[in-house]
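Okay, structure first, notes after.
Just so you know, residue 1 is the first one in the sequence shown, and it goes up from there. Note that the coordinates shown come from a computational prediction; the quantities given were computed from them, not determined experimentally.
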Amino acid sequence: QVQLVESGGGLVQAGESLMLSCVASGTFFSINTMAWYRQAPGKQRELVAAQSTGGHTIYADSVKGRFTINRHTAKDTVLLQMNSLKTEDTGVYYCKAQLIAPVSEYWGQGTQVTVSS
């Protein structure tokens, strides 16, 4: 079982930066992929960024060039550096961990990010 705890959310003005963190704990040997999702009010949850073991990374088109995902070498923490924030980035950000052999996934409770104009 994996427990995920997100932190770092808050209220900022457009153009400012935030860094989110997600720490995994519990009984597991390794996590294949860690990812950040977000859900804006009235919208579906969407993938923001993901990074697998070995460093393969993907980003949503809407955040490319502004957000950076980075997994800690201990492989139990993932960071999301968010620069040049826009009001459209407002939402609840969730951390997800995916394991393989067998495939399973776990979600954190989310952290609120609010960007004001």
In sequence, state the C-alpha distance, the side-chain angles, and the governing distance for L99 and N32, and then conclude on side chain to side chain contact (heavy atoms under 4.5 Å, CB included). CA-CA 5 Å; L99 284 65; N32 180 249; 5.9 Å; no
If you compare all heavy atoms of A24 against all heavy atoms of F28, which two are closest, and at what distance to 0.1 Å? CB-CZ, 4.1 Å
Kindly indicate, with the supporting measurements, whether the criterion side chain to side chain contact (heavy atoms under 4.5 Å, CB included) is fulfilled by T111 and V92. CA-CA 5 Å; T111 184; V92 179; over 6 Å; no
Mind checking whether W107 and Y37 have side chains closer than 4.5 Å, heavy atoms only? yes
Lys/Arg-Asp/Glu bridge criterion (N-O < 4.0 Å) met for K86, D89: no
Side-chain donor/acceptor of T53 to backbone N/O of I31, under 3.5 Å: yes
Here the pair of heavy atoms bringing C95 nearest to V78 is SG-CG1, 3.9 Å
Nearest heavy-atom neighbours spanning E6 and Q109: OE1-N, 3.1 Å
Where do G91 and Q112 come nearest, in terms of heavy atoms and distance? O-NE2, 3.5 Å
Is the F67 ring parallel, tilted or perpendicular to the Y93 ring (thresholds 30°, 60°)? tilted
So, do M19 and L79 sit near enough that their side-chain heavy atoms are less than 4.5 Å apart? yes
Steps toward side chain to side chain contact (heavy atoms under 4.5 Å, CB included) verdict (M34, C22): CA-CA 9 Å; M34 298 195 77; C22 172; 4.1 Å; yes
Quick one: does L20's side chain get under 4.5 Å of M82's, heavy atoms only? yes
Between R38 and T90, is the side chain to side chain contact (heavy atoms under 4.5 Å, CB included) condition met? List the steps. CA-CA 9 Å; R38 69 185 179 189; T90 294; over 6 Å; no
Going through the checks in order, is the side chain to side chain donor-acceptor pair (under 3.5 Å) test met by Q51 and T57? CA-CA 4 Å; Q51 188 167 54; T57 304; 2.8 Å; yes
Can you name the closest pair of heavy atoms from W36 and L80 and give their distance? NE1-CB, 3.5 Å
Could you tell me whether the side chain of Y94 and the main chain of A35 form a donor-acceptor pair under 3.5 Å? no
Out of curiosity, R66 CZ to S17 OG, how far, rounded to the nearest 0.5 Å? 10.0 Å
Does some side-chain heavy atom of S62 sit less than 4.5 Å from a side-chain heavy atom of E88? no
Take atom CD in E16; do more than 12 heavy atoms of anything else shown fall under 6.0 Å from it? yes
Is there a side-chain contact between V23 and L4 (heavy atoms, below 4.5 Å)? no
For T33 against A50, the heavy-atom pair lying closest together: CG2-CB, 4.2 Å
Decide yes or no for V113 and L18: does some side-chain heavy atom of the first lie under 4.5 Å from some side-chain heavy atom of the second? yes
Are any of the side-chain nitrogens in D76 or R71 under 4.0 Å away from the carboxylate oxygens of its partner? no
